[in-house]
Structure formats: structure tokens, C-alpha cells
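Only one structure is covered here, and it is reproduced in the block below.
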Number of protein chains: 2
Amino acid sequence: MPKIITIARQFGSGGREVGRRLAEKLGYAYYDNEIINELMKSTSYSKEYIEEVSEKDPVPLFPIRYGSTLNPSPDPGVSMAIEVLSAQAKIIREMALKSDCVIIGRAADYLLRDLKPYRIFVYASDESRLARTLAREQGGKTEKQLKKDMKAVDKKRRKYYRFVTGKDWDNWENYDLCLNTSNADIKSLVDWLAHLFA
Amino acid sequence: MPKIITIARQFGSGGREVGRRLAEKLGYAYYDNEIINELMKSTSYSKEYIEEVSEKDPVPLFPIRYGSTLNPSPDPGVSMAIEVLSAQAKIIREMALKSDCVIIGRAADYLLRDLKPYRIFVYASDESRLARTLAREQGGKTEKQLKKDMKAVDKKRRKYYRFVTGKDWDNWENYDLCLNTSNADIKSLVDWLAHLFA
């Protein structure tokens with residue numbers, strides 16, 4: 001059975017970098033936006049819609065009346081989202097079964113739970129995340145805007161995780177290892193992490 | 001400056017074993033009940049009282065009226081507890097400055113924050129913790145009693161941590177690394193962990 005590492009991460013924590021470097025070091029496949037590209041091939045929706053649904057906001061059109069007994073008919077927004085999420089779950093499983101891999105986000109830890117992935121959560125202090133995103137932005141956005149983004153993106157990830165898994169995204173019970181990158185050099189951290197899979 | 005590793009842990013998670021093995025492997029000093037013994041030498045209180053105050057329940061006699069403006073005089077229960085906790089903080093610092101070490105519990109992560117300890121939290125699922133304590137008990141207590149103990153001990157650790165640090169004990173923001181031992185072999189886990197301090 002292939003070795004699977006899933007990485008959930010707070011916005012700006014460097015979790016994606018942890019995943020990319022770890023995959024590189026171990027010679028594992030790395031899946032992040034690759035999942036979006038595959039989804040675009042297998043469904044008829046726009047890239048924008050897929051990106052929104054596939055990890056961020058599972059039901060951007062989620063209507064308040066959904067679930068009401070007075071309106072039992074399925075909502076087209078929800079049906080569309082479920083179609084994309086089902087396609088995504090199928091693609092993630094196909095990718096995971098192909099070879100050893102690192103998968104970023106998308107509740108892959110839960111979707112692949114029968115395959116016993118090693119589940120990592122990467123987090124950091126607000127200050128550290130802000131500093132990291134500011135450096136990445138290189139002046140494109142103000143600090144205030146980035147703080148807002150940070151909150152909004154994590155809120156969507158939390159909502160997505162809850163929708164797909166029924167559980168809390170930022171609860172350590174769902175992970176094998178939770179890593180604080182606040183005072184860490186990610187390269188050294190990954191050199192050490194890699195020993196776990198050697 | 002000595003390398004300091006602090007280990008906070010849920011009851012039954014095997015955190016103490018992680019600490020003991022890690023200290024052994026790295027050749028670091030290991031401090032757990034050693035702290036109680038030193039406290040007994042430096043204060044006049046009973047072992048039972050010190051054990052209760054030193055990590056579990058900082059103010060077992062904490063009266064409801066404490067802090068009320070109508071009763072501004074210090075409560076003897078609180079003064080005694082503060083005396084023990086101050087002595088403990090002093091001992092922990094002396095121990096930490098002596099050599100590289102692993103310290104179990106007692107909010108050492110916070111007490112030594114200026115010395116930049118590496119802060120680990122060890123946790124596990126309820127089932128896993130129950131199985132571990134049942135094995136350790138070897139039939140001495142019923143499952144029901146152990147479940148009760150598990151809750152009660154963690155509640156006291158939470159209360160102690162909050163009293164000493166003003167923060168939440170089971171919040172990953174206070175730690176550099178959080179380890180789930182539910183599906184893990186502790187010996188292998190420690191072999192890997194040790195690489196981080198090599």
C-alpha cells in the first residue's frame with residue numbers, strides 16, 4: 001500500500017512549503033493544485049467555481065432554506081457542489097493509490113482514512129503567519145488586508161472540513177502530528193520530518 | 001545555554017514514557033517526581049499536599065470569597081499554595097540551568113519561556129488512553145473508575161496550567177509540537193523525535 005501523507009494547514013503557516021519540500025525529499029508525488037486540474041478535466045465547471053468549492057466553500061450558494069421540510073427539493077447549488085466534491089474525492093483516491101504521495105488540504109486525511117494516511121496539521125502564531133504572507137506578497141497587499149484574508153481563508157477551510165467530515169478542522173484529535181512553524185526553519189523541520197518516513 | 005524539552009501530556013497518553021525514553025536516548029537529565037522531592041526538602045509541607053498543589057490543583061482550598069473586595073485579606077490556603085508554587089518555579093529553573101533536560105508537566109514550558117524550551121504536548125484518543133491505563137493498572141481499577149480518573153486528572157492539569165500561565169493547557173498555540181500517540185509505537189516515535197535534538 002502506498003505511503004500517504006496528508007497536510008492540513010492554517011493560511012500563512014508554511015504548510016504547503018512543508019508538503020512540497022517533504023515530497024521532494026522523500027521522492028513522493030505531490031498533489032495540491034494538480035487536484036484542481038484533474039477536476040477541470042472530469043467536470044464541466046469553471047476553474048473559479050471548482051477552486052471555490054474544492055477546498056474553500058463547499059456550498060457557496062448554500063441557501064438558508066436548505067433542509068427545511070417546506071422545501072424538500074434538492075437545491076441546484078448544493079447538487080453542483082456535491083458533484084464537484086464527489087469527483088474530487090474520487091480523484092484524490094486515484095492519486096493516492098498510484099504511488100507514495102503528499103496531499104495538501106481538502107480533508108484528504110478523512111477521505112482516505114481507510115488507507116491510514118499520516119495526518120499532519122501545520123499551524124503558527126498570527127504574527128508569524130502575517131510575517132510569512134507579507135514576505136510572500138511583496139507589497140501587493142496591506143497588512144490589514146492580509147489579516148482579513150487570513151481569517152477568511154481559514155474560516156472557509158474550517159467550513160469545508162466540517163461539511164465533508166462532520167468534524168472540527170482545527171482539532172488535534174483529527175491529526176497524528178501538529179507542527180508549529182512560528183519559530184521554525186521549515187527546511188530543517190522537513191529534514192527531520194523526513195526521518196519518520198524513511 | 002542548556003537544551004530544554006518540556007512535555008505536557010494528557011493522562012494516559014504515554015507522555016511521561018515519551019519524556020523518559022527521550023531523556024535516556026539523548027543523555028539528558030529527566031525531571032518529574034524529582035521536582036516533588038526537591039520541594040519537600042525546601043518547604044515544610046507534606047508530600048501529599050505538595051503533590052496536589054505542584055501540578056494538579058494549585059489551590060485545593062481555594063475559597064469562593066477569594067478576590068472579593070469585602071474580604072481583601074489573603075486566604076491562608078492561597079498563600080500556602082503560592083509558597084509551594086514559587087518554590088517549585090525556582091527549583092525547575094535551577095534544574096533547567098544545570099544541564100540539558102526533559103521536564104514533565106508543571107507548566108515548565110511557560111515558567112522557562114525566556115530559556116526557549118522546546119515545548120511538546122502529547123495526546124491520544126480516549127480509547128487509546130483508556131487501553132494504556134488499563135494495561136498499566138493491571139486490573140487494579142475498573143474501566144469506569146479509570147475513565148473518571150482520566151477526566152479528573154486532566155481537569156486538574158488544565159486548572160493548574162490556567163492558574164500559573166493564564167492560558168489554556170490544551171491549546172496547540174502553547175506548544176511547538178503536538179504528538180498523537182493513539183496509533184503510535186512510543187519507542188519508534190522517540191527514536192524519530194531524538195533526531196530533532198541531535
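Heavy-atom basis, side chains included; hydrogens, waters and symmetry copies ignored. Just so you know, these numbers come straight off a predicted model, no measurement behind them. Numbers restart at 1 for each chain; the letters A, B, ... are given by sequence-line order, proteins then strands.
- The cluster map of Ile, Leu, Val, Met, Phe, Trp and Tyr, joined by side-chain heavy atoms under 4.5 Å apart, puts A/Leu130 and A/Ile186 in different clusters.
- To the nearest 0.5 angstrom, A/Tyr123 atom OH is 9.5 Å from B/Tyr175 atom OH.
- The shortest side-chain heavy-atom distance between B/Leu177 and A/Leu179 falls under the 4.5 Å cut-off.
- The heavy-atom pair separating B/Glu173 from A/Asn180 by the smallest distance is O-ND2, 4.0 Å.
- Two different hydrophobic clusters hold A/Met150 and A/Val18 under the rule that ILVMFWY side chains link at heavy-atom gaps under 4.5 Å.
- No chain of hydrophobic side-chain contacts below 4.5 Å, direct or via other Ile, Leu, Val, Met, Phe, Trp or Tyr residues, connects B/Leu22 to B/Ile103.
- Here A/Cys178 contributes atom SG and B/Phe121 contributes atom CZ; the two are 10.5 Å apart, rounded to the nearest 0.5 Å.
- Contact of the B/Lys116 side chain with the A/Asn183 side chain is not registered, since no non-hydrogen atoms from C-beta on lie closer than 4.5 Å.
- More than 12 heavy atoms of other residues, nucleotides or ligands shown are found within 6.0 angstrom of CD on A/Gln145.
- In this structure, B/Leu97 is a member of the same hydrophobic cluster as B/Leu39, with clusters built from ILVMFWY side-chain heavy atoms closer than 4.5 Å.
- Side-chain atoms of B/Trp172 never come within 3.5 Å of backbone atoms of A/Asn171 as a donor-acceptor pair (strictly under, hydrogens ignored).
- Heavy atoms of A/Asp170 lying under 4.5 Å from chain B belong to its backbone as well as its side chain.
- Residues B/Leu85 and B/Met95 are members of one and the same hydrophobic cluster, defined by side-chain heavy-atom contacts under 4.5 angstrom among Ile, Leu, Val, Met, Phe, Trp and Tyr.
- Note that the OG atom of B/Ser188 and the CG atom of A/Leu196 stand 9.5 Å from one another [nearest 0.5 Å].
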